[in-house]
> 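Attaching a single structure in structure tokens format; questions to follow.
These values consider heavy atoms only, across backbone and side chains, with no hydrogens, waters or symmetry-generated copies. Labels below follow one simple rule: chain letters A, B, ... track the order of the sequence lines, proteins then strands, and each chain is numbered from 1.
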Amino acid sequence: MEKVYNPGIIEAKWYKWWEENGLFHSRPNSEGRPYTIVIPPPNVTGMLTIGHVLNNTLQDILIRWKRMEDYETLWMPGTDHAGIATQNVVEQTLAKEGKTRHQLGREKFVEKIWQWKQKYGGIIIQQLKMLGCSCDWERERFTMDEVLSRAVREAFVQLYEKGLIYRGKYIVNWCPRCQTALSDEESVHQEEKGSLWHIKYPLKDEDKYVTVATTRPETMLGDTAVAVNPNDERYLALVGKILILPLVDREIPIVADEFVDPEFGTGAVKVTPAHDPDDFEIAGRHKLPQIMVMNKDATMNELAGSEYEGMDRYQCREKLLGDLRTQELLVKTEDYTYSVSHCERCGTVLEPYLSDQWFVKTKPLAAWAIEAVQTGQLRFFPGHWVKTYLHWLENIKDWCISRQLWWGHRIPIWYCQCGHQFAVREDPQECPRCGGKNLAQDEDVLDTWFSSWLWPFSTMGWPQNTPELRYFYPTNALVTAPDIIFLWAARMVMAGYEFMGECPFRDVYFTSLVRDLQGSKMSKSLGNSPDPTQVMKQFGADALRFTMTMLSPQGQDVYYSNEKVELGRNFCNKIWNAARFVFSNLPEKGEGKETKAESGELELADRWILSRLNQAVRSLSNSLREYRFNEAAHCIYDFFWHEYCDWYLELIKPRLYQSSAEKGSKSARQLTAKVLRVSMQLLHPFMPFITEEIWHRLNAEENGTSIMVSPWPQCDQQAINESVERDMSVLQEFIVAIRNIRAEMNIPPDRKADVMVRSSGKESLRLIQDNEGYITNLAKVQNLCAGPEVNKPHQHCATAVVKGMEVFVPLAGLIDSDRERERLGREVERLSEQLECFSGRLEDGNFLKKAPAEVVKKERQKHSDCRKNLEKLLVNLRTLDRVQGSRGAEKK
RNA sequence: GGGCGAUUAGCUCAGUCGGUUAGAGCGCCACGCUCACAUCGUGGAGGUCACUGGUUCGAGUCCAGUAUCGCCCA
């Protein structure tokens, strides 16, 4: 075995082996219990990001853990066609050839996207494999597969037939660059600095003005009214009068509407029904006309007037402001910060745009999703997301599902010349009402999330009642980033109830958001997202997985940098070397099988490590059950490194170096191998590759089954032994005290020290005497002498007090008295402060009266222990002064 | 404007039921390549638990308010 762990070859080897042996595949199995997770399908355009790494590592941990717990586990993988994102990518490649999708035509363009998908759509899947994800690749799905497309159509038609899908002319979020409508959830708000312009609108036939304030002056070309609050006394007399819209000379009324906030601007607002959602509402109430002054690409159209026609919206704004200034109608300009909507996909500022779109009535669907959380059928981890989720559902708006794109599921609505429109599951041959054959399908496609919200059951074959659906549905856990809680998670819950009659998953775990060290969200556009495949090549997939898990606390963001992966890399190396050490001392043939009889041979260290191991098993499983992944990772990290390696392996070295005939040697070898084996199992969900490698080397003589399907370790309550752990911690403290003296007194490592221990406590003395070997070995001690009557050596020596035992380390010729006095002084100071704290509490009558007896007793014990230790230290400090003093006198 | 979260060592974070003498990793300092590991070991330094009040015998932990930062929604 190499001295340094080299993940490259090992990772590739085992992934191939797992796949070839079908270890990821699962099928309905009435003998076993199902455990299911569906992957949040990455976009086909996607490249693996550090966010994917976190998300998919956590899913893999759950899946591998449950698989070892003997569940029939299905991790359903696949990709999302990602309407706008993918169309944009392919349009960009076309643009490089100087072509547009319109030149190609719809059919050719869609064909082109399919070609692109065949070629590049699998990249992220390969990257997930590199990460070690144990998805059932035989079941890989794509949202535009035939089966999933059928599900989309079925869902649409069902909702349509129930009257939950309708078409209407409303103001929607419009991206002038993508030239499509978007849902509210796809628009991203950003605070931006802009201006608030105050513009005078003259009254008809009067020499008076009304001043309105606006952040978007160019839309005034489409104004059809000015509105004021009905309770605003400033404007009471003006309501009903007519204004002349500047630059356009259109006559528009002044209306009163509760919606207007008298505090905003001048209290009078311009009303542009075709270009503002609030104004659209006002117009509805007052029967105002809607005038669209923009084209789909946000240039001004002929209704904006010949002066402005053809100009971009911002160009128009500049010219228009200049014109107003010339006419002295621009009263003032204020700095103003307000929220601006941007396209989630391309960042372009969205335009509220009046157009015909398809919507889903979401209120009836939301009711189920609300109840699911309130009744506890659906649980969130961490729980605080419940509020966010409920708030959205309780205020839900109808969902705009039509997109003016070419890539996606075409809306299954047909129009007949007779005026009939209908939705059908199969492409129709004729109009069901008039029999006409001249039918046209709706040109638009569906929002990409309209297929994603069906994902938990469409991937299993719905609407057919497949064995998979019956067995694996509903799924157990959803692991997702919180930024798609509305776009995806909440909608899946709605769809689950609507189409399957139950919640699609039991638990939802929201992952941490990954940020860089400056706190910015990792994103492609910022260029601060490292390439995880490079990190895996450098450090290994296991290292990256473990680091991400360890660094991601439940419910908080995680700050990532490549350097942090050294944590995982170093841990891999530690595991590798511990294993190397164990292998060099493996039980000989025939010794390997554990027998019950061995327990008689166990010594303190053995019983201790077994106790600690079983505590780790218990707490690790508990943490995973509560989705506390970082806690689970910490647990096994601390156990393996700081208990197994730092203490146990060091403690048993003398026994290992003896011949196997010696007492304790055999049990040490067996036990060290056993603990390593169980540790590998506990670590396997986190670090699948290195654990598989070591597992096979450990079980070389067996038939080579995978650690993946080995049974998850169970906590053996019998092995947990509090008194053993207490004894061991006394010894550890003892050893550390001697090491401390050695280090502080600069005793060279190769020089063995003598140690004397004085104590009246029989038990602690026996503990020291019985385990002398541990101390001499780990603290590099030559002669250890312990007893109730041990005399402090006359020569110079360093002292410490551990649990009432006085420890003397004679240091003839070595001691630096000043240093020792300083060291003891520090210790005395520390203990004095503690003692004061305990005393204060015990002198407090209220404490004695009101605190539980248990606590008071404990406090008394602590106080007396502390006092005894302190007294002993003080005595030793004084002796030191005396010796020093007499020496000082001699020198004189 | 409403909601959520955070504030603990130089940095990143743990801290369960209020009983704590506040922990870890990284970084720092000292010593050491001791026959698994220098991607390591041993030891050490480093804290007014954001602030102000309150509840309590006892508060990092519970309550109220303030400040700063982040996110979501309008």
> How about A/R697 and A/E693: do any of their side-chain heavy atoms sit closer than 4.5 Å?
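Sidechains of A/E693 and A/R697: in contact.
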> Starting from C1' on B/rC71, measure out to NE2 on A/H384 and report it in whole angstrom.
10 Å
> What nucleotide among B/rA74, B/rG25, B/rC13 has an atom nearest to a side-chain atom of A/H189?
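The nucleotide sitting nearest to the side chain is B/rA74.
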> Do A/N395 side-chain atoms and A/H391 backbone N/O form a donor-acceptor pair below 3.5 Å?
yes
> Nearest of B/rC57, B/rG44, B/rC40 to any side-chain atom of A/N740?
B/rG44
> So which nucleotide from B/rG19, B/rC57, B/rG43 ends up closest to the side chain of A/K858?
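It is B/rG19.
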> Side chains of A/L870 and A/V828: does their closest heavy-atom pair fall under 4.5 Å?
yes
> Within the 4.5 Å heavy-atom criterion, are A/L683 and A/F546 side-chain neighbours or not?
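Of all side-chain heavy-atom pairs linking A/F546 with A/L683, at least one is under 4.5 Å.
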> Measure from the side-chain heavy atoms of A/K564 and tell me the nearest of B/rA36, B/rC40, B/rU12.
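Out of B/rA36, B/rC40, B/rU12, the nucleotide with an atom closest to A/K564's side chain is B/rU12.
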> Among B/rA74, B/rA36, B/rA38, which nucleotide sits nearest the side chain of A/K3?
B/rA38
> Determine which nucleotide pairs with B/rC37, using a 3.5 Å limit on both distances of a Watson-Crick or G-U wobble pair.
none
> Looking at A/K387 and B/rC4, is any side-chain donor or acceptor paired with a base atom of the opposite kind under 3.5 Å?
no
> Rounded to whole Å, how long is the line connecting atom CZ of A/F381 with atom P of B/rG5?
17 Å
> Of the nucleotides B/rA36, B/rU12, B/rC73, which has the atom closest to the A/A578 side chain?
B/rA36
> Any idea which of B/rU39, B/rG43, B/rU12 is nearest the A/V4 side chain?
B/rU39
